[in-house]
Amino acid sequence: MNLSPLAKRRLKRFKSNKRAFFSLIIFTAFFLLSLFAEFIANDKPIILIYEGKLYFPVLAEYPETEFGGIFETEADYKDPFMLEKIKGSFVIWTPVRFSYNTIRYDTSEPPPTPPTWENPLGLDNHGRDVFARLLYGFRLSVLFGFILTILSSVIGVCIGALQGYYGGRIDLFGQRFIEIWSGIPLFYLLILASGIFRPGFWHLLLIMTLFSWTHLIGVVRAEFLKGRNLEYVQAAKVLGVKDRVIMFRHILPNALISAMTFLPFILSGSIGTLTSLDFLGLGMPPGTPSIGELLAAGKSNLHAPWLGISAFAVLSGMLSLLVFVGEGLRDALDPRAIQGR
C-alpha cells in the first residue's frame, strides 16, 4: 500500500504517541478475541469425535439422538446424561466451560457466588458466569458502537456537506432544525418506546441513530464553508464540474480529516449510552449479555462486590483506551503539528 508523504508523517506521529499506539493495539486485540467468544467461553465442546465421527458442536446443532440419547432436541452437553454418553470420546472443550446464558445449579450456596477456579470472576445473581457475560457483552457493546458510529457519521457528514456547500437558506433552515432535533430528550423517547414494544438490538440502533447523527455536522459544515471559497474549487465551478463531484472529490477528503478525530470519542459515547440504557433497563432485552445489566446487578447486590468491580473495570478500561486513541489521532492529524515538524 503506497502512502503519500503526508500520510506517512501522520502515521509516524501517531506511532510516536506510545500511549495512543499501544491503546489501539490492546483494544484491537481484545476486540478480535471477543469475536471468537464462542471458542473461549461456551458450554459446548469445540470438537467432539464420537464413534469415529467428527462433530463441531460450537458451530452446529446436533440432536441428542446423534450421541445415543432419546430426544430429537439439541444435545445439552452439560447434562450428566450426555456427559456419560460422550465419556471416553475425544473432546476439546473451551477454556471456560460456560456460555453467557449458562446457569449453574450445582453451587454450594445461592448466587451470586464469589470467584473460583471454574468461574474466575464469580457468578452473577442468576448463577451465570461473569467472565462469559463480560466477554460477550464487550463484543456486543463494541459492535453496537461501531455500527452506530458509522451510520450516524455517514448521515452527519452528508447533511453537513450539503449545508456547508450550498449555504443560504439550506444552511439556515438546516441549523434551526438541528437545534430543535438536538433538544428532544432521547431517554424519554426510549421510555415511551419501551412501553410500546421491547427494544432489541436493531430497534435500539435505529432509535439511537435518529438522534446521534448531529455529532459531525458542525465540523463538516465548517470545512465545507471554508472549502467552497478556495481557488481550486472556484476554478472547478467555472470549468463546469458538477457540484457532487466538487463536494465528494475535492472538499470532502479535507473535511474527513477533521471528522476522523471525533470518531473514537463518538464510539466511546455510543458504548457509554448503551451501557447507561442497559443499566436503567431500557436497553437490550433481559438475558442479553450486557455490561450495563451487570452493573445494575452489582448495584442490587452490594454484598457481591465482584459484580460491580468486574463490570466497572471492563467499561472504564475500554472507554479509556478509546479516549487515548482519539487523543493520539487528533494530535497526528493536527495540520499545525504536521507543518511544525
Side-chain angles (χ1 to χ4, degrees), residues 30-31 33-44 58 61 74 76 78 94 96-105 111-112 119 121-151 186-187 189-212 267-301 304 306-319:
F30 280 129
F31 177 60
L33 282 176
S34 70
L35 293 178
F36 300 93
E38 285 79 7
F39 296 89
I40 299 175
N42 209 322
D43 53 10
K44 302 177 183 179
V58 168
E61 297 181 359
E74 183 183 4
D76 184 1
K78 60 183 181 294
T94 55
V96 178
R97 292 178 57 175
F98 304 96
S99 185
Y100 69 90
N101 58 355
T102 304
I103 300 177
R104 291 200 63 178
Y105 297 100
N119 306 104
L121 296 180
L123 300 178
D124 67 0
N125 53 327
H126 294 287
R128 300 169 299 193
D129 185 74
V130 174
F131 174 81
R133 292 191 66 78
L134 284 175
L135 180 64
Y136 284 85
F138 177 88
R139 180 177 67 180
L140 179 67
S141 299
V142 176
L143 288 176
F144 183 91
F146 271 135
I147 298 175
L148 179 59
T149 301
I150 293 172
L151 291 178
L186 174 61
F187 282 98
L189 287 177
L190 288 170
I191 292 174
L192 293 174
S194 63
I196 301 174
F197 58 88
R198 184 63 191 176
F201 183 91
W202 298 108
H203 293 101
L204 199 60
L205 182 65
L206 175 61
I207 295 174
M208 292 184 64
T209 301
L210 291 175
F211 294 91
S212 302
L267 176 59
S268 62
S270 301
I271 294 174
T273 302
L274 177 64
T275 303
S276 302
L277 293 174
D278 288 335
F279 179 79
L280 297 173
L282 302 174
M284 297 297 176
T288 305
S290 165
I291 299 176
E293 185 185 37
L294 198 57
L295 285 171
K299 171 180 172 293
S300 303
N301 299 272
W306 57 88
L307 298 179
I309 292 175
S310 301
F312 174 77
V314 171
L315 180 63
S316 60
M318 174 170 48
L319 297 183

query: So, Ser290 versus Asp278: side-chain donor-acceptor pair below 3.5 Å or not?
result: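 On atom types as modelled, these side chains qualify, holding a pair under 3.5 Å.
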message: Under a plain distance cut-off of 3.5 Å, with no hydrogens placed, do Asp43 and Thr102 share a side-chain donor-acceptor pair?
response: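 There is such a pair between these side chains.
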Can you name the closest pair of heavy atoms from [X] and [Y] and give their distance?
{"X": "Gly145", "Y": "Ser270", "answer": "CA-CB, 4.0 Å"}
{"X": "Ile291", "Y": "Ser141", "answer": "CD1-OG, 4.1 Å"}
{"X": "Gly298", "Y": "Leu307", "answer": "CA-CB, 3.8 Å"}
{"X": "Gly308", "Y": "Leu295", "answer": "O-CD2, 4.0 Å"}
{"X": "Pro112", "Y": "Ala304", "answer": "CG-CB, 3.6 Å"}
{"X": "Leu33", "Y": "Ile40", "answer": "O-CD1, 3.5 Å"}

Does some side-chain heavy atom of [Y] sit less than 4.5 Å from a side-chain heavy atom of [X]?
{"X": "Lys78", "Y": "Phe98", "value": "no"}
{"X": "Arg104", "Y": "Asn119", "value": "yes"}
{"X": "Tyr100", "Y": "Arg128", "value": "no"}
{"X": "Leu204", "Y": "Trp202", "value": "no"}
{"X": "Pro111", "Y": "Asn125", "value": "no"}
{"X": "Ser310", "Y": "Phe131", "value": "no"}
{"X": "Tyr136", "Y": "Asn42", "value": "yes"}
{"X": "Ile271", "Y": "Leu319", "value": "yes"}

Between atom [atom1] of [X] and atom [atom2] of [Y], what is the distance when rounded to the nearest 0.5 Å?
{"X": "Asn101", "Y": "Ile103", "atom1": "CG", "atom2": "CD1", "value": "8.0 Å"}
{"X": "Glu293", "Y": "Leu280", "atom1": "CD", "atom2": "CG", "value": "12.5 Å"}
{"X": "Phe312", "Y": "Leu294", "atom1": "CZ", "atom2": "CG", "value": "13.5 Å"}
{"X": "Arg97", "Y": "Thr94", "atom1": "CZ", "atom2": "OG1", "value": "7.5 Å"}
{"X": "Leu140", "Y": "Ser34", "atom1": "CG", "atom2": "OG", "value": "10.0 Å"}
{"X": "Leu148", "Y": "Ile207", "atom1": "CG", "atom2": "CD1", "value": "12.0 Å"}

message: Going by side chain to side chain contact (heavy atoms under 4.5 Å, CB included), Phe138 matches just one of Val142, Leu134, Leu135. Which one?
response: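 It is Val142; the other options fail the test.
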message: Would you say the ring centers of Phe146 and Phe31 fall short of 6.0 Å from each other?
response: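 Yes; Phe31 has its ring centre under 6.0 Å from that of Phe146.
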Verdict with supporting geometry, Phe201 and Ile147, side-chain contact (heavy atoms from CB on, under 4.5 Å): CA-CA 11 Å; Phe201 183 91; Ile147 298 175; 4.1 Å; yes
query: Between the side chain of Thr288 and the main-chain N/O of Met284, is any donor-acceptor distance below 3.5 Å?
result: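 No; zero donor-acceptor contacts below 3.5 Å.
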query: Does a salt bridge link Arg139 with Glu38, judged by any charged N lying under 4.0 Å from a carboxylate O?
result: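 Salt bridge between Arg139 and Glu38, a charged N being under 4.0 Å from a carboxylate O: yes.
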- request: Please list, chain by chain and in numerical order, all residues satisfying salt bridge (charged side-chain N to carboxylate O under 4.0 Å, His left out) with Asp129, sequence neighbours excluded.
  value: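 Partners of Asp129 under the salt bridge (charged side-chain N to carboxylate O under 4.0 Å, His left out) test: none.
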message: Assess the residue pair Phe30 and Met318 against the criterion (side-chain contact (heavy atoms from CB on, under 4.5 Å)); give the C-alpha distance rounded to whole Å, side-chain angles, the decisive distance to 0.1 Å, and a yes or no.
response: CA-CA 9 Å; Phe30 280 129; Met318 174 170 48; over 6 Å; no
